[in-house]
Amino acid sequence: MTTAPYDDSPPRHALTVLGAGVMGVGITVLALGHGLPVHLVDVDRERLDRAADLIDGELRLAELMGALPAGTPLGALETGTSLKAAAGATAVVEAVTENAAIKAAVLSEVSGLVRPGTLLITNTSSIPVDELAGALERPEELVGTHFMNPPYLIGTAEVVRGARTGDHAMAAVAALLTALRRRAVTVRDAPGFVTSRILHPMINDAARVVEEGTATAEDVDALMQGCLGHPTGPLRTADLIGIDNLVDSLTVLHERTGDEGCRPAELLLRLVREGRLGRKSGRGFYDYT
């Protein structure tokens, strides 16, 4: 009888990413660049087609910037409009819009399709994980992650353990982030966790400074970069996050904490009404056209 050789290779991962927006695309690029196959799902076929082009471009950019491991073949990308694609995944990353009801509905549906024990990740910047876990039959399988944009350039991810998140899920998300060469920092579940609870009110205050006429967006960012060491400035960061996403996150923080500093500034609301959402729309605080 021949004994099979011991396999000490890392565990195989097959991801399903739900949502072909900015973060869904970024997480997909990160995974593909580290050799993991991804099935990207969105209800909008046209958005999926646009996402495929964006993913190609961002993969080339990530390679040029040395952000991907050398010599690792790219993972295979599939796209589709059905959540049934998640049935064979080892992990599902939900990256739909920052709306608690929509996220809960998507997670509830996908949890009924995957095998028990499959890691479910909600990528959220502000919504408490345990609030979403209540929609699942197996809430112990849900973990929160907060990847920063763009995920392939930022080497640390915030990991959020909900009150009902199980040890198996925590071990699984640690293994996945190791495969993605990301440092995981685990925090307790709370609205906005750490990064958004600190960063988003600061951006909100920066928008108020501009709204009040104290300084221009360029001057606010120049001062925050030159005097306080902020790498991009808060308002360029707002454009990168997406001003609509920022308003959604601030709204969640205001509703969940009662902190008036998190009530979205009128300037942010006006930019959203005007369709000036930041880099993804071509204009926000800055013009990218």
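Atom CD1 of I127 is separated from atom CG of D189 by 11.0 Å, given to the nearest 0.5 angstrom. Note that the CG atom of D244 and the CG atom of L271 stand 11.0 Å from one another [nearest 0.5 Å]. If you take OG on S249 and CZ on R197, they are separated by 10.0 Å, rounding to the nearest 0.5 Å. With rounding to the nearest 0.5 angstrom, the CG atom of L142 is 9.0 Å from the OG atom of S111. From L74, atom CG reaches atom CG of L68 across 7.5 Å, with rounding to the nearest 0.5 Å. Here the straight-line distance linking atom OH of Y288 with atom CZ of R236 works out to 7.0 Å at 0.5 Å rounding.
Without hydrogens or angle criteria, K84 side chain to L113 main chain gives no donor-acceptor distance under 3.5 Å. Formation of a donor-acceptor pair under 3.5 Å by the Y286 side chain with backbone atoms of A217 is found in this model. At least one donor-acceptor pair closer than 3.5 Å links the side chain of S281 to the backbone N or O of L277. Side-chain N or O atoms of E78 include none that pairs as donor or acceptor with a backbone N or O of G80 at under 3.5 Å. Side-chain atoms of T90 come within 3.5 Å of backbone atoms of A14 as a donor-acceptor pair (strictly under, hydrogens ignored). Distance alone, capped at 3.5 Å, is enough to place a donor-acceptor pair between the R164 side chain and the D130 backbone. Remark: side-chain polar atoms of S108 are paired, donor with acceptor, to backbone N or O of A135 under 3.5 angstrom. The backbone N or O of S125 lies less than 3.5 Å from a partner atom in the side chain of S196, making a donor-acceptor pair.
Inspection of the T97 and N99 side chains reveals no N or O donor paired with an N or O acceptor under 3.5 Å. Checked by atom type, the side-chain pair H146/T195 shows a donor-acceptor distance below 3.5 Å. For the residue pair R208 and T214, no side-chain donor N or O sits within less than 3.5 Å of a side-chain acceptor on the partner.
Of the options T251, T124, N245, a side chain to side chain donor-acceptor pair (under 3.5 Å) to E98 is made by T124 and by none of the others. For the side chain to side chain contact (heavy atoms under 4.5 Å, CB included) test with H230, the passing option among V220, T237, L223 is T237; the others fail.
Q225 and G233 get closest at one heavy-atom pair: CG-N, 3.7 Å. A pairwise comparison of heavy atoms in A184 and L177 identifies CB-CD1, 3.6 Å as the closest pair. Between I55 and L32, the shortest heavy-atom distance links the atoms CG2-CD1, 3.7 Å. Counting all heavy atoms, side chain and backbone alike, L40 lies closest to A51 at CD2-CB, 4.1 Å. Scanning all heavy atoms of the two residues, the minimum distance from V22 to K280 falls at CG2-CD, 3.8 Å. Shortest non-hydrogen contact noted between L267 and A207 is CD2-O, 3.6 Å.
Residues V129 and V110 are members of one and the same hydrophobic cluster, defined by side-chain heavy-atom contacts under 4.5 angstrom among Ile, Leu, Val, Met, Phe, Trp and Tyr. There is no path of hydrophobic side-chain contacts, each under 4.5 Å, that joins V92 to V173. Cluster annotation: V160 and L120 are assigned to the same hydrophobic cluster (Ile/Leu/Val/Met/Phe/Trp/Tyr, side-chain heavy-atom contacts under 4.5 Å, transitive). I102 and V43 are not part of a single hydrophobic cluster, where members link through side-chain heavy atoms under 4.5 Å apart. Side-chain heavy atoms closer than 4.5 Å link hydrophobic residues (I, L, V, M, F, W, Y) into clusters, and following such links, even through other members, never connects L136 to I121.
Annotation: side chain of L240 is not in contact with side chain of T232 (no heavy-atom distance under 4.5 Å). Side-chain contact between P37 and L15 is absent, with no heavy atoms from C-beta onward closer than 4.5 Å. The closest side-chain heavy-atom distance from P69 to H34 is below 4.5 Å. Considering only heavy atoms from C-beta on, F285 stays 4.5 Å or farther from T216 through its side chain. Contact annotation: the side chain of L180 approaches that of L36 to within less than 4.5 Å [non-hydrogen atoms, C-beta and beyond]. At a threshold of 4.5 Å between non-hydrogen side-chain atoms, the residues N149 and M23 count as touching. Residues E158 and V187 have side chains in contact (heavy-atom distance under 4.5 Å, counting atoms from C-beta outward). A heavy-atom distance below 4.5 Å is found between the side chains of M170 and T186.
We find that R270 and E211 are not joined by a salt bridge, their nearest charged nitrogen and carboxylate oxygen being 4.0 Å or further apart.
The neighbour count for M65 CE, taken as heavy atoms of other residues, nucleotides or ligands under 6.0 Å away, does not exceed 12. Counting non-hydrogen atoms of neighbouring residues, nucleotides and ligands closer than 6.0 angstrom, the CZ atom of R45 exceeds 12 such neighbours. Within a 6.0 Å sphere centred on CD of E212, heavy atoms belonging to other residues, nucleotides or ligands number more than 12. Annotation: E46, atom CD; neighbour count of heavy atoms from other residues, nucleotides and ligands within 6.0 Å does not exceed 12.
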May I have the step-by-step check of side-chain contact (heavy atoms from CB on, under 4.5 Å) for R60 and D56, ending in yes or no?
CA-CA 6 Å; R60 288 195 293 272; D56 284 342; 3.9 Å; yes
Would H13 and L176 satisfy side-chain contact (heavy atoms from CB on, under 4.5 Å), going step by step from the backbone distance to the final call?
CA-CA 7 Å; H13 298 278; L176 176 60; 3.9 Å; yes
Verdict with supporting geometry, V210 and E218, side-chain contact (heavy atoms from CB on, under 4.5 Å)
CA-CA 10 Å; V210 174; E218 292 85 352; over 6 Å; no
Test R263 against E260 for salt bridge (Lys or Arg N to Asp or Glu O under 4.0 Å), laying out the working first.
CA-CA 5 Å; R263 185 188 293 274; E260 281 300 306; 2.9 Å; yes
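Shown here are the salt bridge (Lys or Arg N to Asp or Glu O under 4.0 Å) partners of R183, two or more places apart in sequence or in another chain: there are none. The side-chain hydrogen bond (donor to acceptor under 3.5 Å, both in side chains) test applied to E266 returns R273, not counting sequence neighbours.
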